[in-house]
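Every chain is numbered from 1, with letters handed out A, B, ... down the list of sequences.
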Amino acid sequence: MRVRIAPSPTGYFHVGGARTALYNWCFAKRHNGVFVLRIEDTDAERNKEEWVAGIASALTWLGINWDEGPYRQSQRGEHYQAALEELWSNGYLYACDCTREIVLERTKANATPGYDGFCRDRGLDRQPGRALRFKVPREGVTVVTDVIRGEVRFANSTIDDFVVAKSNGNPLFVLAGVVDDREMRISHVIRAEEHLPTTPKAVLLWEALGVAALPLPVYAHLPVLVNDKRQKISKRRDRVAIEDYRAQGFLPEAMVNYLALLGWSPGDGREYFSLEDLVTEFDLGSVNHSPAFFDEAKLLHFNGVYLRELPVESFIARCCQWAAEDAQSQVAADFASAEFARLAPLVQERAATLSEAASLVEFLFVADYETETESFEKAILRDPDAGSILAEARERLEEGSFEAAALKGEISDLGEKHGRKLGKVQAPIRAAVLGRGVGLPLFESLEVLGRARSLERLDAAIERLAASRPEDPSA
RNA sequence: GCCCCCAUCGUCCAGCGGCCGAGGACAUCGCCCUUUCAAGGCGGAAACACGGGUUCGAAUCCCGUUGGGGGUGCCA
């Protein structure tokens, strides 16, 4: 079995393309087949080399390796020219000199979809400046056999005489795709549903080509991925680049797992699969028919699960690696520190992404770390007891053990004096020292932060409070 | 307009004629646990688009309607 993905480098690689790649890859691996990467860049005006690199790196990151390629259609011109030659000499094509405007006009005036075939019988010569169109049979039906959708029938009368070569001589994607699929001996074409309407054209072309009959590939049209408005995900409109998720600190294994579930399930309720599991479990025949919404909330959940599953050392390593890849060298160094290692298990439990992990320990690493205004107001300014709690905490933390357990004892004792439970006394202290209303467990954080910095921040909060309440004589 | 695809909780899936007074997961709500927040545990609310058939029996099969989506390019 031989499959391929054929992305066009006209933008970043998005989750839809990644899912298509994943399904193809799983199918190929499961059947000991070959997975081909082919870049469809026949439209020179719209393609950019950087996007090719982006596709390759996204696939690599996901763990989806290709066995052949990347082939580039832009470098296979002679194959398409040969095919055009053959089709022309066998009478399947005709030249067309209609301008874009004329085509549009004629299309509008006609009841049938697309170009009305005006040039079909004009007997125009094949020459530069003229496009080449395929003579679609006027009668009959073209059937597309699809693993997922069954037999889809298209009346030939509803298919227009499509262009196979532009007036500049370059082939169009349908032609290039068919030629490549034939020469690369592609056995299964697994791609997004949006390609279904052009498939009968490919079938017609396939049958017109080649002296020896080559069996048609088996088609499988995957349901599209949609946004929250249930429109097909688009590179321009929706922010769904694989690269972005990577930069945000998602794990490739979580992404792969989530993507696999968008349109497929094993049927028994299991939801966690590694790439290796998918090779044995994935089945093209049980792919869904209807569009799926890419739900970031669920992806986030999966990512958290995968993050928590990691041994702590691996978690730390992944943090470092992620920061380094994203060229955040300072953050990478922070992640590699002994301080982070001490807090890592607590971070791991709470972070849903690697960037969240970074944010949870900012209080430890950011110089001149300040309490967020909102947290300051809520936990300190609006709390009439905050001033005295902070002052007393400062006093108690000045001496004695600075280990979490001891700190906890001190603070809960302090709390009792104020008639507050532990959760309530720690609020102003947390805001003062960790800078936020929520975050890592307080005492462990204090311990790692150390006495000196903890006291400094308590002092800063006390001062800030005094400055914020000049009218308050007790402050 | 024309062609094609699709239709189960908010979302992703299970269901492929009786086991469904519809199951799981995410999200959501409540409670428990608790050092804030998470994580975890327990519980709740939440769906077969509609109308006709077929059948002893339909979420499951057929037809239609409605709704959504995709395509309709000398883009892929």
Side-chain angles (χ1 to χ4, degrees), chain A residues 6-10 40-43 45-47 73 96 98-100 103-104 107-108 110-115 130-133 144 146 148-149 152-155 157-160 162-168 170-174 176-177 191-200 221 223-224 226 228-232 258 261-271 288-295 297-302 304-305 308 346-352 360 379 404 407-408 411-412 421-427 429-431 434 436-445:
Chain A
S8 68
T10 55
E40 304 227 323
D41 54 355
T42 51
D43 188 350
E45 314 234 317
R46 292 154 44 99
N47 299 308
Q73 293 191 326
C96 171
C98 293
T99 61
R100 186 185 172 73
V103 171
L104 219 66
T107 298
K108 258 191 179 169
N110 203 291
T112 55
Y115 182 63
R130 287 178 182 170
L132 256 28
R133 288 180 183 273
V144 173
D146 188 289
I148 298 171
R149 290 159 212 284
V152 185
R153 311 171 72 80
F154 297 85
S157 59
T158 65
I159 304 171
D160 72 329
F162 54 98
V163 172
V164 291
K166 305 181 195 180
S167 50
N168 67 10
N170 287 145
L172 232 78
F173 66 95
V174 205
R191 35 130 83 135
E193 190 193 344
E194 65 208 69
H195 296 279
L196 188 50
T198 64
T199 306
H221 286 96
V224 292
V226 297
D228 57 339
K229 294 191 185 101
R230 304 215 68 89
Q231 296 164 313
K232 180 181 78 166
Y258 178 64
L261 260 22
L262 244 31
W264 171 84
S265 85
D268 57 11
R270 285 176 301 142
E271 287 201 301
N288 250 47
H289 296 185
S290 39
F293 168 61
F294 185 84
D295 185 5
K298 188 154 183 175
L299 206 214
L300 215 46
H301 175 259
F302 270 77
V305 169
R308 272 174 258 126
L346 302 176
V347 175
Q348 191 175 3
E349 180 92 3
R350 288 163 180 76
L360 279 168
L407 296 171
K408 182 179 179 183
I411 302 301
S412 48
K421 294 210 171 179
L422 194 49
K424 293 287 184 190
V425 240
Q426 64 161 312
I429 304 172
R430 166 185 297 284
L434 303 193
R436 301 183 194 171
V438 299
L440 261 23
L442 179 62
F443 308 113
E444 289 78 356
S445 301

Can you tell me if [X] uses its side chain to pair, donor with acceptor, with the backbone of [Y] under 3.5 Å?
X        : Y        : answer
A/Tyr258 : A/His301 : no
A/Arg350 : A/Leu346 : yes
A/Asn47  : A/Asp41  : yes
A/His221 : A/Glu194 : no
A/Arg149 : A/Val144 : no

For a quick check of understanding: with a heavy-atom distance under 4.0 Å over all strands, which category does [X] fall into, base, sugar-phosphate or nothing?
X        : value
A/Asp228 : nothing
A/Gly304 : nothing
A/Arg436 : nothing
A/Lys232 : sugar-phosphate
A/Glu444 : base
A/Phe154 : sugar-phosphate
A/His195 : base
A/Leu440 : base
A/Glu349 : base

Take the protein atom [atom1] of [X] and the nucleotide atom [atom2] of [N], then report the distance between them rounded to whole Å.
X        : N      : atom1 : atom2 : answer
A/His289 : B/rG15 : NE2   : P     : 11 Å
A/Arg350 : B/rG40 : CZ    : P     : 12 Å
A/Arg149 : B/rA7  : CZ    : C1'   : 12 Å
A/Leu442 : B/rU36 : CG    : P     : 11 Å
A/Phe443 : B/rU36 : CZ    : C1'   : 10 Å
A/Glu194 : B/rC6  : CD    : P     : 16 Å
A/Asp268 : B/rC12 : CG    : P     : 20 Å
A/Phe302 : B/rA27 : CZ    : C1'   : 13 Å

Counting heavy atoms from C-beta on, name the nucleotide in [options] closest to the side chain of [X].
X        : options                : answer
A/Val438 : B/rU36, B/rC12, B/rC6  : B/rU36
A/Arg230 : B/rG68, B/rC3, B/rA7   : B/rG68
A/Thr158 : B/rC3, B/rU35, B/rG71  : B/rC3
A/Ala292 : B/rC12, B/rA39, B/rG70 : B/rC12
A/Glu193 : B/rC26, B/rC12, B/rC5  : B/rC5
A/Ser290 : B/rC6, B/rC4, B/rU35   : B/rC6
A/Ala297 : B/rA27, B/rU35, B/rA76 : B/rA27
A/Asp295 : B/rU36, B/rG10, B/rG69 : B/rG10

Would you say the base of B/rA25 and the side-chain of A/Lys298 have a donor-acceptor pair closer than 3.5 Å?
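Check passes, donor-acceptor contact within cut-off.
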
What's the spacing between [X] [atom1] and [Y] [atom2] if we round to 0.5 Å?
X        : Y        : atom1 : atom2 : answer
A/Ile411 : A/Arg430 : CD1   : CZ    : 12.0 Å
A/Phe443 : A/Gln426 : CZ    : CD    : 5.5 Å
A/Thr198 : A/Phe173 : OG1   : CZ    : 5.5 Å

Would you please confirm or rule out a distance under 4.0 Å between OP1 or OP2 of B/rA14 and any side-chain N or O of A/Ser265?
yes

Sort out the partner of B/rC2 for me: Watson-Crick or G-U wobble, both distances under 3.5 Å, none otherwise.
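Partner of B/rC2: B/rG71.
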
Base-pairing assignment for B/rA14 (Watson-Crick or G-U wobble, both under 3.5 Å)
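Here B/rA14 is not engaged in any pair, so there is no nucleotide opposite it.
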
Which protein N or O atoms sit under 3.5 Å from an N or O of nucleotides 72-75 of chain B?
residue, atom, partner, partner atom, Å
B/rC74, O2, A/Ser167, N, 2.8
B/rC74, O2, A/Ser167, OG, 2.8
B/rC74, N3, A/Ser167, OG, 3.0
B/rC74, N4, A/Cys98, O, 3.0
B/rC75, OP2, A/Lys166, NZ, 2.8
B/rC75, O2', A/Asp43, OD2, 3.2
B/rC75, O2', A/Arg46, NE, 2.7
B/rC75, O2', A/Arg46, NH2, 3.3
B/rC75, O2, A/Arg46, NH2, 3.0

Taking all non-hydrogen atoms of both residues into account, name the closest pair between A/Glu271 and A/Phe302 and its distance.
O-CE2, 3.6 Å

